[in-house]
Number of protein chains: 2
Amino acid sequence: MQSKPTTIKEIARLLNISPSSVSRGLHDHPSIGAVTREKIKQLAKSLNYEPNNAAILFQKGKTYTIGVILPELSEHFFSTAISAIEDEALKKNYTVIFAQSHDDYDQEVKLVDKMKNQRVDGLLVSISKDTSKFDHFEKLNSFNIPVVFFDRIPPFKNVHYVACSLESATVKAINYLLKKGHRSIGMINGPATLFASEERKDGYMQAITFNRLKFDPSLIVNCDLTEKGTIEAANQFLNHKRKPTAIVTFNDYVALFLIKHFKQLNVINDFDVVSYANLPIISYLDHSPVASVEQYPYLQGQKAANILLDLISSPNLQNQAFYNTIVESDLVVNDEKY
Amino acid sequence: MQSKPTTIKEIARLLNISPSSVSRGLHDHPSIGAVTREKIKQLAKSLNYEPNNAAILFQKGKTYTIGVILPELSEHFFSTAISAIEDEALKKNYTVIFAQSHDDYDQEVKLVDKMKNQRVDGLLVSISKDTSKFDHFEKLNSFNIPVVFFDRIPPFKNVHYVACSLESATVKAINYLLKKGHRSIGMINGPATLFASEERKDGYMQAITFNRLKFDPSLIVNCDLTEKGTIEAANQFLNHKRKPTAIVTFNDYVALFLIKHFKQLNVINDFDVVSYANLPIISYLDHSPVASVEQYPYLQGQKAANILLDLISSPNLQNQAFYNTIVESDLVVNDEKY
DNA sequence: AAAAACAACGCAAACGTTTGATTAATTTCG
DNA sequence: CGAAATTAATCAAACGTTTGCGTTGTTTTT
């Protein structure tokens with residue numbers, strides 16, 4: 001019970017050979033004879049030898065570990081993304097360590113630092129909501145730790161990232177609603193400061209102008225994404241001179257609040273709702289959104305992980321060019337891609 | 001960019017002192033003079049020195065890392081539990097590594113082994129569905145790696161664990177329904193082989209007999225937890241000679257299927273449904289369960305993590321007595337505990 | 001038969017940090 | 001003023017593993 005774990009040295013001592021031979025024997029190095037090799041392996045097994053990973057990592061200067069920093073693990077999007085990351089990492093025998101920023105910039109800075117101290121071989125990051133400075137990532141450069149951002153990415157191209165184009169997805173959504181006959185479409189957008197809000201707005205405008213319709217800015221209202229804020233936004237639409245017949249919401253939570261509110265007012269049947277998917281069971285609602293934008297968290301996690309593992313295995317590649325990967329998001333209507 | 005990270009040796013060389021002094025200086029060891037200490041710290045800062053964690057861990061034989069093995073990270077219960085674990089770990093400056101068994105026994109065995117090789121300081125485990133042998137955990141004993149099980153725990157007491165008493169929660173649920181006037185209560189239980197099914201059944205029977213009512217075994221039906229299985233089970237109740245007026249479902253998914261089915265048959269208003277909470281937004285459904293059993297995943301994760309950290313810091317405690325912690329689960333009716 | 005090739009293993013350094021035991025220099029006290 | 005105590009720093013070993021190089025013998029080549 002209390003006994004120290006078996007080491008290579010111990011095996012060497014018992015076999016009257018050198019530790020280096022034991023190490024080589026266990027790794028099937030050609031310069032160790034078959035007889036000795038077998039003796040080594042048998043003794044190792046019978047002594048329950050387990051390589052001391054800490055020692056190996058230290059020796060090799062590699063940790064075979066990738067770090068993941070994300071805002072909130074309990075959010076469905078992130079938990080399935082990291083689930084994918086772990087699956088991919090395991091295939092290549094990497095270990096995943098993670099930490100949550102809880103959408104706090106200072107915390108994020110600390111965590112990046114911690115990951116660096118842990119000497120992770122690479123880092124996957126989905127940045128926090130109130131991160132607008134990015135120098136905390138630059139330190140990683142001098143430690144040769146590659147970073148791949150996913151989903152919540154910085155607003156410039158000279159980094160590796162994987163993300164969805166919410167813009168093109170929004171175009172799809174608006175086009176779908178237009179085809180369904182809607183002529184006045186409202187949008188409950190997020191805070192204006194968010195890049196994600198901008199993308200949605202751009203997509204909206206793009207679709208409207210492409211279809212040679214007049215763009216009415218008052219049909220897009222910003223919202224703090226709370227239930228109260230959603231209700232206020234919704235009420236604006238009810239009193240609107242060109243009352244919309246369809247509403248695009250920033251995410252499923254907003255859609256949830258909206259639907260609840262409209263049901264209470266008994267006007268839910270006057271609207272088609274389109275949302276961006278993050279709650280898997282929302283389709284079970286009575287008046288669920290007619291369509292939703294699927295952002296494929298598993299796929300995003302998978303791609304991001306593989307890019308990172310690529311960068312790790314070929315370090316020369318790291319600052320040559322940047323992976324800017326866009327995962328096409330789909331509009332899903334009744335379980336069918338659109 | 002390509003430069004190697006600064007080491008203690010490097011600092012020592014530049015300052016013409018010994019590495020040990022640098023180490024001690026950085027740690028405010030009393031045997032280093034104030035002047036030297038400051039010189040060391042300043043140079044360290046200006047050279048961007050960062051301690052090499054791998055080296056420290058190796059040296060100390062501790063990794064300050066706890067491992068978490070769970071079935072499926074994308075399930076809400078587990079993602080919030082591990083979220084709590086990470087929060088607690090961070091407070092004590094521990095790092096979390098995790099892996100998913102995907103409810104596969106063989107995978108679980110491999111992962112336990114991997115965690116052991118990583119020399120985690122401790123392990124938190126929620127066992128996979130088809131795990132019935134437990135010897136893969138015993139190896140950890142000889143490496144002095146404490147294990148705390150949570151939620152999905154082995155069926156014996158001589159291990160550390162944190163879990164909910166689904167039995168007492170079920171009693172509460174049945175009592176609530178009885179008080180509401182229901183006299184025939186159905187239960188869609190899980191597979192008979194599951195411990196969780198047994199607990200629910202025991203709770204059911206206990207409440208019924210305590211209230212001096214007759215127990216009718218045909219009111220509890222086992223189910224494979226699929227949509228199809230749920231519908232079959234539901235239909236049994238519709239044709240039952242003592243047609244129940246309330247139904248307790250194994251989990252929220254089953255409740256979801258049941259409600260959907262009953263809505264289609266237009267009989268949903270004939271039933272009160274009670275479920276075990278795992279889908280946070282189910283209460284937004286039109287005919288959502290009238291009550292649900294809250295199992296507090298965050299709290300469970302928190303407690304399990306703290307127990308593990310306790311065990312790590314006082315190793316002598318490890319095999320003396322076992323933490324068998326029960327988190328009381330509550331019946332939640334309209335956001336109020338019952 | 002001498003030279004070359006090969007097989008099987010040992011030696012020792014290295015990775016970066018910590019720590020118990022020492023030493024050297026300075027101060028304090030009786 | 002000499003002995004003891006204090007201060008400030010050094011030395012060297014240790015943690016477990018890997019790896020380039022060197023050293024034996026033995027076998028093959030010409």
Side-chain angles (χ1 to χ4, degrees), chain A residues 3-41 43-44 47-65 93 116-121 142-145, chain B residues 3-41 43-44 47-65 93 116-121 143-144:
Chain A
S3 67
K4 301 286 163 223
T6 315
T7 72
I8 279 191
K9 284 185 182 178
E10 177 77 0
I11 298 179
R13 199 178 52 80
L14 291 174
L15 250 41
N16 259 325
I17 58 181
S18 80
S20 50
S21 296
V22 176
S23 172
R24 291 189 165 104
L26 291 171
H27 289 86
D28 293 320
H29 193 281
S31 85
I32 299 296
V35 200
T36 326
R37 193 196 326 126
E38 285 317 307
K39 268 200 290 185
I40 292 171
K41 287 193 175 180
L43 185 58
L47 288 181
N48 254 315
Y49 168 74
E50 299 285 348
N52 182 329
N53 238 284
I56 297 175
L57 303 183
F58 164 58
Q59 210 285 134
K60 296 208 165 181
K62 269 197 76 173
T63 57
Y64 291 95
T65 296
N93 245 302
K116 183 190 56 196
N117 277 31
Q118 295 265 1
R119 297 284 197 276
V120 292
D121 288 346
S142 56
F143 284 77
N144 282 323
I145 300 176
Chain B
S3 66
K4 301 287 161 222
T6 316
T7 71
I8 279 192
K9 285 185 181 177
E10 177 77 1
I11 298 178
R13 198 178 51 80
L14 291 174
L15 251 42
N16 259 325
I17 58 181
S18 78
S20 50
S21 297
V22 176
S23 172
R24 290 192 163 102
L26 290 170
H27 289 86
D28 294 321
H29 192 281
S31 87
I32 299 296
V35 200
T36 326
R37 195 200 320 128
E38 285 316 307
K39 268 199 291 185
I40 292 171
K41 288 192 175 180
L43 185 59
L47 288 182
N48 253 317
Y49 168 75
E50 300 285 348
N52 181 329
N53 238 285
I56 297 174
L57 303 183
F58 164 58
Q59 208 289 132
K60 296 207 166 183
K62 268 197 77 173
T63 56
Y64 291 96
T65 297
N93 245 301
K116 183 191 54 194
N117 276 31
Q118 295 266 2
R119 297 284 198 276
V120 292
D121 288 346
F143 283 77
N144 281 323

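Below, read A as the first sequence line, B as the second, and so on, with proteins coming before strands; counting in each chain starts at 1. Note that these values count all heavy atoms, side chains included, but never hydrogens, waters or copies made by symmetry.
At a threshold of 4.5 Å between non-hydrogen side-chain atoms, the residues A:Y49 and A:I8 count as touching. Counting heavy atoms from C-beta outward, A:I145 and A:K116 have side chains that approach closer than 4.5 Å.
Spacing between atom CG of B:D28 and atom P of D:dA8 amounts to 14 Å, rounded to whole angstrom units. Whole-Å rounding puts the B:I40 CD1 to D:dT10 P distance at 9 Å. As rounded to whole Å, 15 Å separates atom C1' of D:dT10 from atom CG of B:L15. When rounded to the nearest whole Å, the span between OH of A:Y64 and P of D:dT18 equals 11 Å. The separation between B:K62 atom NZ and C:dT18 atom P is 15 Å, rounded to whole Å. Distance, B:I17 CD1 to D:dT7 C1': 16 Å, rounded to whole Å. The distance from atom NE2 of A:H29 to atom P of C:dA8 is 12 Å, rounded to the nearest whole Å. Between the C1' atom of C:dT19 and the CD1 atom of B:I32 lies a distance of 12 Å, rounded to the nearest Å.
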Show the atom names and distances, to 0.1 Å, of all donor-acceptor pairs under 3.5 Å that link a side chain in residues 28-37 of chain B to residues at least two apart or in another chain.
| residue | atom | partner | partner atom | Å |
| --- | --- | --- | --- | --- |
| B:D28 | OD1 | B:K41 | NZ | 2.8 |
| B:H29 | ND1 | B:S31 | N | 3.1 |
| B:H29 | ND1 | B:S31 | OG | 3.1 |

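B:G33 comes within 4.0 angstrom of sugar-phosphate atoms only, judged by non-hydrogen atoms across all strands, and of no base. Backbone-only engagement by A:N16 is indicated by non-hydrogen atom pairs under 4.0 Å involving sugar-phosphate atoms exclusively.
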**OP:** Go along nucleotides 22-27 of chain C 5' to 3' and tag each nucleotide: B for a protein heavy atom under 4.0 Å from its base, S when only backbone or sugar atoms are that close, - otherwise.
**Re:** ------
Check: protein-nucleotides 11-17 of chain D nitrogen or oxygen pairs below 3.5 Å:
| residue | atom | partner | partner atom | Å |
| --- | --- | --- | --- | --- |
| D:dC11 | N4 | B:S20 | OG | 3.0 |
| D:dT17 | OP1 | A:Y49 | OH | 2.5 |
| D:dT17 | OP1 | A:N52 | N | 3.2 |
| D:dT17 | OP2 | A:I8 | N | 2.6 |

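Minimum heavy-atom separation, B:I40 to B:G25: CD1-CA, 4.1 Å. B:E50 approaches A:R119 most closely through the heavy-atom pair O-NH2, 3.3 Å. Closest heavy-atom contact between B:I11 and B:L43: CG2-CD2, 3.9 Å.
To the nearest 0.5 Å, atom CD of residue B:E10 and atom CG of residue B:L15 are 11.0 Å apart.
Taking the ring pair (Phe, Tyr, Trp, His ring centres under 6.0 Å) definition, one finds that B:Y64 meets it with B:Y94, sequence neighbours left out. In this view, A:K39 satisfies the salt bridge (Lys or Arg N to Asp or Glu O under 4.0 Å) rule with no residue, not counting sequence neighbours.
Looking only at distances, no side-chain donor or acceptor of A:N117 sits under 3.5 Å from a matching main-chain atom of B:N53.
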Subject >> Full working for side chain to side chain contact (heavy atoms under 4.5 Å, CB included) between A:L14 and A:L47 >> reply: CA-CA 11 Å; A:L14 291 174; A:L47 288 181; 3.7 Å; yes
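From one end of the helix from C:dA1-D:dT30 to C:dG30-D:dC1 to the other, with five pairs defining each end axis, the axis direction shifts by 50° (rounded to 10°).
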